[in-house]
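Nothing here was measured: the structure is a model prediction, and the numbers come from that model. Side chains included, hydrogens not; waters and symmetry mates left out as well; all remaining heavy atoms used. Residue numbers start from 1 in every chain, and the chains themselves are labelled A, B, ... in the order their sequence lines are given, proteins ahead of strands.
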Amino acid sequence: MRLSRYFLPVLRENPSEAQIVSHRLMLRAGMIRQQAAGIYSWLPLGYRVLRRIEEIVHQEQVRAGHIPMLMPTLQPADLWRESGRYDDYGEEMLRIRDRQKRDLLYGPTNEEMITDIFRAHVGSYRDLPLTLYHIQWKFRDEIRPRFGVMRGREFLMKDGYNFDIDKEASLHAYNRHMVSYLRTYERMGLTAIPMRAASGPIGGDNTHEFLVLAATGESEVYYDDRVQDLRLGSRAIDYDDRAAVAGVCEEFTTLYARTGETHDAGLFETVPEAHRKVGRGIEVGQIFYFSTKYSEPMGAVVVNDKGERVPVHMGSHGIGVSRLVGAIIEASHDERGIIWPEGVTPFPVGLVNLKQGDGATDAACAAIEGALAAKGLEVLYDDRDERAGAKFATMDLIGLPWRITVGPRGLAAGKVELTSRRTGAAEEMTPEEAVARIGAIYAGL
RNA sequence: CGGAGUGUAGCGCAGUCUGGUAGCGCACCUGCUUCGGGAGCAGGGGGUCGGAGGUUCGAAUCCUCUCACUCCGACCA
């Protein structure tokens with residue numbers, strides 16, 4: 001993509017309404033534009049990141065054996081009257097009436113709808129286990145939206161629902177989700193810690209929240225700091241192996257890690273003092289096992305192997321996709337701007353032509369652009385007629401992890417410069433070497 | 001919803017107290033010079049002063065109503 005033809009409305013000054021760093025940087029980098037309180041347009045650069053995150057979530061869900069689908073944003077009120085939540089959910093639910101005076105709502109979540117779909121089409125234990133999910137816009141009419149996309153009213157969420165014949169199978173689904181979530185966050189360059197949580201209005205006995213440590217987080221967290229060092233890495237995981245999956249969960253949930261709601265001061269005392277940490281975190285996902293809470297009132301039953309009609313065991317699981325964009329920035333930025341992890345960057349590399357219009361630099365840039373494209377890597381090429389400082393500042397602000405700088409001085413020696421946004425380290429090399437290096441960095445992603 | 005604020009050009013702001021017909025910086029357009037970390041000079045364009053009503057010869061400014069947004073609190077992916 002050539003910057004001269006792109007739409008990247010960066011701001012030099014901080015918009016006054018933005019209080020936290022991710023909100024400021026998203027506005028300055030031209031990623032979003034606020035349309036109403038807690039409601040945003042996703043401009044091209046922001047949309048690219050959102051799509052990258054969505055893609056990773058999809059890939060990891062499918063890898064775990066979960067099945068993608070798509071449910072509507074608007075839902076009939078009757079479905080919610082059936083579960084009893086139409087009245088319980090309160091003011092946070094946006095209620096709408098259509099021209100025929102039918103009551104609708106903009107879905108804040110989809111337990112009722114997925115249960116309706118399930119009961120209409122599934123009747124036998126032989127069809128289980130089943131886990132369906134979708135990534136769709138939600139609306140929760142927050143009393144006070146704030147922090148940009150971190151607490152918007154409209155937000156993009158992955159929500160999944162598992163249906164199993166008994167508690168044991170359903171808890172395996174719970175564990176499977178925990179592992180798939182851990183892998184999802186790791187691919188985004190995040191350390192998200194599963195913490196025992198309180199259940200809230202969704203309900204359920206077992207529930208963990210996934211928190212990214214950040215000073216600006218809304219939740220207070222208490223943890224053994226050794227949890228931060230745990231990594232799944234590239235280990236192979238058989239999602240059908242109950243014992244193996246449970247083993248991974250145990251590995252990640254044994255060390256003390258709780259939010260303020262479930263914090264146990266006495267238990268916390270048993271953590272060695274040197275590792276005892278209190279901080280703040282951003283919630284980026286949550287998983288629940290809620291037994292037959294929805295299946296019973298809504299009649300989601302199957303016939304078991306003895307011919308008996310039994311309610312299915314369910315769980316639900318969410319990842320805040322749009323919130324993750326903000327959370328990643330909170331976790332990865334510096335005073336000059338965003339620093340995207342390679343897994344979610346809007347463009348893998350930026351290309352800066354220091355002397356636009358110069359035959360040699362123009363040709364070298366075009367060649368690099370083409371060579372990267374041949375590897376399936378789309379470069380953001382700053383081909384504007386701007387001075388070097390302005391181009392560097394823009395690249396630093398939007399946070400592409402790698403930058404190739406092409407100037408007449410280096411080019412005379414056959415060299416370009418490859419710079420890491422994260423470390424600032426710059427290295428001179430031939431264009432071919434730079435392309436190969438970028439190719440190698442992204443080969444595994 | 002309780003408390004505190006703010007709405008003036010795309011962004012950041014001054015002007016409001018004390019009414020006289022809208023200004024600054026950045027961004028944008030043109031030209032020249034400049035060119036490895038947000039250049040300089042010259043010229044230029046862009047405004048329902050959130051909206052409605054009122055007072056007045058005259059309203060960004062005073063009055064009334066209203067809308068929107070932000071911050072603190074209770075609530076939350």
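- Across G15(B) and G7(B), the matching P atoms stand 10 Å from one another, rounded to whole Å.
- Spacing between U66(B) and G2(B) at atom P, rounded to whole Å, works out to 14 Å.
- With a cut-off of 3.5 Å on both Watson-Crick or G-U wobble distances, the partner of A39(B) is given as U33(B).
- Of all nucleotides present, none satisfies the Watson-Crick or G-U wobble test against G46(B) with each distance under 3.5 Å.
- Looking at the side chain of Arg144(A), the nearest of the listed nucleotides A39(B), A74(B), C26(B) is A74(B).
- The distance between atom CD of Glu154(A) and atom C1' of A77(B), rounded to the nearest whole Å, is 14 Å.
- With both pairing distances under 3.5 Å, C26(B) is matched to G10(B) as a Watson-Crick or G-U wobble pair.
- Looking at the side chain of Gln19(A), the nearest of the listed nucleotides C28(B), G36(B), C71(B) is C71(B).
- Candidate nucleotides G37(B), C71(B), A77(B) were compared by shortest atom distance to the side chain of Met157(A), and A77(B) ranks first.
- A cation-pi arrangement is present between Arg48(A) and Phe347(A) under the rule of less than 6.0 angstrom and at most 45 degrees off the ring axis.
- In the model, Tyr133(A) has no side-chain atom that pairs as donor or acceptor with a side-chain atom of His317(A) under 3.5 Å.
- Across A22(B) and U18(B), the matching P atoms stand 23 Å from one another, rounded to whole Å.
- When the nucleotides C71(B), A77(B), G25(B) are ranked by their closest atom to the side chain of Glu283(A), A77(B) comes out on top.
- Ion pair Glu112(A)/Arg85(A) flagged as a salt bridge, since at least one NZ, NE, NH1 or NH2 atom sits closer than 4.0 Å to an Asp/Glu carboxylate oxygen.
- Distance from the side chain of Arg146(A) is smallest to C75(B) among U70(B), C75(B), C11(B).
- Here, U48(B) and C35(B) have their C1' atoms 42 Å apart, quoted to the whole Å.
- Whole-Å rounding puts the Arg153(A) CZ to U70(B) C1' distance at 14 Å.
- For U34(B), its base sits under 3.5 Å from the side chain of Arg387(A) at one donor and acceptor pair at least.
- Across all strands, Gly152(A) comes closer than 4.0 Å to base atoms (heavy-atom distances).
- No hydrogens or angles were tested; on distance alone, nothing pairs the side chain of Glu386(A) with the base of G38(B) as donor and acceptor under 3.5 Å.
- Applying the salt bridge (Lys or Arg N to Asp or Glu O under 4.0 Å) rule to Arg437(A) yields the partners Glu427(A); only residues at least two apart in sequence or on another chain are considered.
- Salt bridge Glu60(A)/Arg187(A): present, at least one basic N to carboxylate O contact under 4.0 Å.
- Side chain of Glu92(A), nearest nucleotide from C75(B), G25(B), U70(B): C75(B).
- Residues of residues 319-330 of chain A that place a heavy atom closer than 4.0 Å to RNA chain B, in numerical order, are Gly320(A), Arg323(A).
- Ring-base stacking between Phe392(A) and G36(B) is not satisfied when judged by a centre separation under 5.5 Å and a plane angle under 30°.
- Ion pairing of Glu186(A) with Arg183(A) is absent here, as no side-chain N (NZ or NE/NH1/NH2) approaches a carboxylate O to less than 4.0 Å.
- Tyr86(A) carries Arg81(A) over the face of its six-membered ring, with the cationic atom under 6.0 Å from the centre and within 45° of the normal.
- One atom, CD1 of Ile143(A), and another, P of C75(B), lie 9 Å apart when rounded to the nearest Å.
- Residue Arg12(A) places none of its side-chain N or O atoms closer than 4.0 Å to OP1 or OP2 of C11(B).
- Under 4.0 Å is where a charged nitrogen must lie from a carboxylate oxygen, and between Arg421(A) and Asp334(A) at least one such pair does.
- The side chain of Arg403(A) approaches G37(B) more closely than any other nucleotide in the set A77(B), G37(B), G12(B).
- Using the Watson-Crick or G-U wobble rule with both distances under 3.5 Å, U18(B) pairs with nothing in any strand shown.
- Rounded to whole Å, atom P of C13(B) lies 12 Å from atom CG of Leu11(A).
- The base-pairing partner of G2(B), taking Watson-Crick or G-U wobble contacts with both distances under 3.5 Å, is C72(B).
- Proximity note for Arg28(A) (side chain, C-beta onward) versus G38(B), C11(B), G37(B): the nearest is G38(B).
- Taking only side-chain atoms of Ala388(A), from C-beta outward, the nucleotide of G38(B), G36(B), U70(B) with the closest atom is G36(B).
- A donor-acceptor pair is defined here as one N or O able to donate and one able to accept, closer than 3.5 Å; no such pair exists between the side chain of Thr259(A) and the backbone of Val221(A).
- Listed candidates were G38(B), U70(B), A77(B). Nearest to the side chain of Arg140(A) is A77(B).
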